[in-house]
Each structure stands twice: as structure tokens, then as C-alpha cells.
Protein chains: 2
Amino acid sequence: MSPQTRERILAIASEMGYVASSAASGLATGRTRTVGVLAPYVSRWFFSRAIEGVDIALQENQYNLMLINLGGYGGNRERLFEHTMLRKQIDALVVLCLGLQPSELEHLHLTEIPLVAVGGPVKGFHQVCIDDYQAAQLATKHLIELGHRRIAQVLGDDKDEVDFAVPKLRDRAFEETLLAAGLRFEPGWELNGDFTVAGGVRAAAQLFDAPGEKPTAVFCASDEMALGVIMEAQRRGIRVPQELSVVGIDNHEFAEAAGLTTVAQNPVEQGRLAADMLIKELDGAVGTVRSVAAPFELLVRSSTAPPSR
Amino acid sequence: MSPQTRERILAIASEMGYVASSAASGLATGRTRTVGVLAPYVSRWFFSRAIEGVDIALQENQYNLMLINLGGYGGNRERLFEHTMLRKQIDALVVLCLGLQPSELEHLHLTEIPLVAVGGPVKGFHQVCIDDYQAAQLATKHLIELGHRRIAQVLGDDKDEVDFAVPKLRDRAFEETLLAAGLRFEPGWELNGDFTVAGGVRAAAQLFDAPGEKPTAVFCASDEMALGVIMEAQRRGIRVPQELSVVGIDNHEFAEAAGLTTVAQNPVEQGRLAADMLIKELDGAVGTVRSVAAPFELLVRSSTAPPSR
DNA sequence: CTGTTAGCGCTTTCAT
DNA sequence: ATGAAAGCGCTAACAG
């Protein structure tokens, strides 16, 4: 038929409220035009931003986004992996960094759909993420170059997620960078902040309450914890950066408003890139999905300064 | 067949990696076991929390969650409404408060699937949300009862979203409560903070930079803006609450850490309740979906105190 | 190049 | 009770 007839028919059809049944076409083609996003949390900054990034790419290509949240209720993990994720439900999957069980990883590979990890290395996966070691090193060096010698650390160690490498990498980078500069950290200056503001507040309280010498700077493995540290410092009248320098990692949306010096990364772009690769792969460009190192940069704002004592 | 045979077969089937094709069963039954969440943003506190709440209910009932993000790219709105949302793609929809065009609302009703709004009144919809007027009134009264007479307002007026009633309700409640107490607001003490931290910072800067008398308290229509106001105050050395009281609405996850006095609401519970009603409705309990007023309460923390001058 | 037909893998109804 | 068969609404391969 002629292109204009085609147009006319399509127009009439849609006017009549006709919409192709996705179930029927899915059955016939084996494609759902839906990609899944497996997330450990949906309301934490990194994850919600990454989801937005994935969504941008999907919308541009008329794909739907199915949210598979592992953070909801523990018991459902099995069902999600064995059922939801399986063939015919989604065409591809982006895995937002998290510690998956080996059996779960195996399950994912069994589905034989294109996969990509975002935000952290997952073994056996192509991934798009920053080099967490270098990012943490950059933040630590910034403190050292300002002249700080007594630096504490707030990291986020999630006991549950044994395989999640991000906190470990940031932790190791901090320690090795300190040692390389001939510094050492005091016992008790390595706190756990759970990657949350509340955790940062707790860690700071612990630090300030401890007897003896205080650090002049704190390296935080995420902005949310850094923000918590700053809030607790303010509550106690400890001036930032005059009495305490604080640096984070992420460039959380609150970081600029709070004047937080941080190593910025962009989860929106990471998610978008990952989804783009997946879509191209689905469109037949075999081998498009590959590992990509995402950019990061130090943003010096007003939470860091040379030590005053 | 016997129940045990049944079990055995099922076990073997799943061992062999068999999973029913959702497309096929969807075609046959007309059900997708998927509910959509229409969100104006995914990374703002209220929305990401509400999504989590919806997700809890869905996971408990073996439903999938399809995220339909309107915030992504403007141009796609039409496609989302005309295509994605239509029959056979999702069984029900939760609409997270936002200003939809009348034509879009009409489209939603045309799908004839169960609908429910969360977080704000949407005309023609059943909804679960707090009474925004009362919530804002409660916050304002708190300031007045502390003795404040000179109160500024930071609201979030989104020009784009003409039909979104939440900011208007909070605004009106503030003004009427002030007038009822015999107070009036200065010209220039009504700022727009866009519902973001950055907007709160800007509004506060504007307020502090203006010549003449300063307010002793600020009512913010959301915690994110209130947090921005506090950060800007701190940057300028204005002490909270001694020199400036700040109250918000929401109980954002940062509110406690920042000591922010606020009127708390719980989007997780709201989303969960909404999804539960939808699921019951789908299970045949016709009439389950109805409007519900969500609870809220004043949480007095350390950002408010009687005025010192 | 247009028009017809055979499935896709389930569910459900109808015979047996 | 169990088993056979008829679609659900598309797509893709085929014949005209």
C-alpha cells in the first residue's frame, strides 16, 4: 500500500483507540520491549539517579522499564531471580551494583539476556562505573596536599553484601594513600557510617566524643555520610572547614548547597550509557555491551581547607 | 492427579528451568500481573519513597512494577499515555501526584484499569494523601505559638504543573493561618524554592540580602527547601534556631540529622496502601479503591525556638 | 508486492 | 476426573 494510506490507516486506528497488545506481540516475537533494572534500593541517591539515567535511554528507544527492587523485602529475592527475571519477561537487565550471591549471578547468566552492571564491579559482568580506588585516592590526596596529617575515615561497610567491592576499594585506597604519604591512622579513626546521613552523624559523634587528639580532616566514602559528619560538627559548634575538613565522594544533590568538597560522579550518565549499550545489543549490534570506565573529578568547595593547628 | 504428584512435577519443571511465559499467559488471561507507577520524578524524596512503598505491596502479591517516569524527557509524554499505559500492558496504575493535562487524565480513565493517586489530590481520582492544608497550617501555627510575628514563606510553585494542588494548598494554608492570627507578611517574604535544596538556598539568599527588617522564622513548604534555607543561614553565620526558626513539611531522611522541625508524612505507607487497594480491586473486591487521608504529625526538633528579638 | 496462514505458549472450555 | 482442542492477538513466513 502507499505510504500515505499507511499513515491514514494508522491515524484512524489510533483514533479508534487501537493499541497493539504487547502480550500478543511479545508472544509472537519473543521480545517484550522491556528492560529490567535490578536495584538494591530505590531511594538512595546513586540508585534513583541511575534509574533515571536508564529511563532516559529506554524512553528514547521506546522501551519500558521494569523496576526490580531487592531492597523491599528480603524473602522475595528468590522469587525475583527465579521467576520475574526469567525469559520472556524482560529483554535485558541492568544490575545496579550490589552484592549478589554467586547462585544469583549464575541465575542471571542463565537467562541469556544481555546484562550490564552499573556503579560497581560485579564479577563476570560488563560494567560501567568509576574507578573507586582512584576516586577515593583523589579525595584522600586532596586532604594530604592541603597539609592534613591527622585524617579520620568514615566508610560504609555493609556486612550483608559480601561481594560488593565498592566500599572495600574506597577503604583500601584511603589506607594505602595515607601510608604512601607516610601517615598512619589512629585506632578508632576508622568509623562505619553505613552509607547514610544518620550513619555519618553517628560516626562523627563517636569521633568527637572519643578522648584524646582529634583529627583535622575526615575522608568519607560517600557524600551522604559526609553530610552527616558536617551536620554533627555544626551541632557541636565545630567549624567546617576551619577546625575540620570534610571530603566525600559522589556529588550528591545536596553537596553543592552544603558546600561539600567531593569527588563527583554522574550516575545518570552511567545508567543511560549502560541502557544504550543494552539496546544496541538487542538491535543486533553484537558485542556493543562492554566495560566502560565512567569519569569522575574532584570538586573543591568550602568544606576543606588547610589545617589550622 | 494427586497433590504430591503435582508437587513433584512442579519441582522437576522448575529444576529444568521452566518458567511460564508471561506473554503467553497474559495473552490468554488478559492479565499482566504488572502495575504501573506514573511518577513526575524518580529521584526526589517523596516519589522514590512512594515507589518503594508501592513495590512492597506488589512484591508481597507477586506483581511486577513498571516505572513510568514523566520527568525524563518531555516529548515522550504523549507516547507514554497513548501507548505504554494502554490496555494489556499493566493491570492497574498508581499516579504519583502531579499536574496532568485534562486530556491525559481522560486518557487514563479510558484505559478502564483501576487507578489511584498518591501524594496529592487529582481530580476524578481516588487518592491516598495527607491533608496538605492542615499540614501546612500545623507548621505555621507552631511558629506562631512560639511567638513569631515576622514569618517568611518559601514555597514551591511549579509553573508547569497547573493542576498540581499541593503547593497551592500549603501556600493558602500559610497565608490564611497568618491572617487568622492577625499577622501579615511583608512583600518579598514570599519566595519560590522549587521544592529543591538549591531553590531553598536561593530563596534564603534572597531573603537575607534584602534590605530592611528580617523575619525571625521561615515556613517552608517542603523539607528539601527548609534544608537549603538552613544551609544558607549557616553559611552566613545566622544561627538556627536562635536567630532564625525554620520549619518544613515531609520528614525527609535528612531532616532528623539536620534537627529540622517538620510536619512528618510517610510516603512509603501511602504507596503501599494505594497498591494494596489496587491489588484487592484486581482480585475482585470491587470498590476497595477509595480515598484515604494519610496521617501526619508535627515533629519538633532543634530548628525552631521562640524568637529572641 | 499484497493477501493468507501457521503458529507463539498459555488458559479455558468442552468432550470423554 | 482427565485429556483434547479452540482461541487470545499478534508476527513472519509463505503463496498468489
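Numbered from 1 within each chain, the chains take letters A, B, ... in sequence-line order. In this text the structure is predicted, and so the values were computed from the model without any measurement.
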### Message
If the test is side-chain contact (heavy atoms from CB on, under 4.5 Å), which one of Leu278(A), Asp55(A), Asp91(A) qualifies with Tyr63(A)?
### Response
Asp91(A)
### Query
Looking at five pairs on each end of the helix from dC1(C)-dG16(D) to dT16(C)-dA1(D), what is the angle between the two axes, given to 10 degrees?
50°
### Query
Is a side-chain N or O of Asp223(A) found less than 3.5 angstrom from the main chain of Asn251(A), in a donor-acceptor match?
yes
N/O-N/O pairs, protein side and nucleotides 3-9 of chain D side, under 3.5 Å:
residue, atom, partner, partner atom, Å
dG9(D), N2, Ala24(A), O, 3.4

### Task
Could you list the residues that satisfy salt bridge (charged side-chain N to carboxylate O under 4.0 Å, His left out) with Glu106(A), not counting sequence neighbours?
none
### Message
With side-chain contact (heavy atoms from CB on, under 4.5 Å) as the test, pick out the partner of Val95(A) among Leu105(A), Val118(A), Leu108(A), Ile68(A).
### Response
Leu108(A)
### Message
Can a side-chain donor-acceptor contact be found between Asp250(A) and Ser222(A) if the only test is distance below 3.5 angstrom?
### Response
no
### Distance-only polar pair, side chains of Asp131(A) and Gln134(A), donor-acceptor under 3.5 Å
yes
### Salt bridge present between Arg272(B) and Glu60(B) (N-O < 4.0 angstrom)
yes
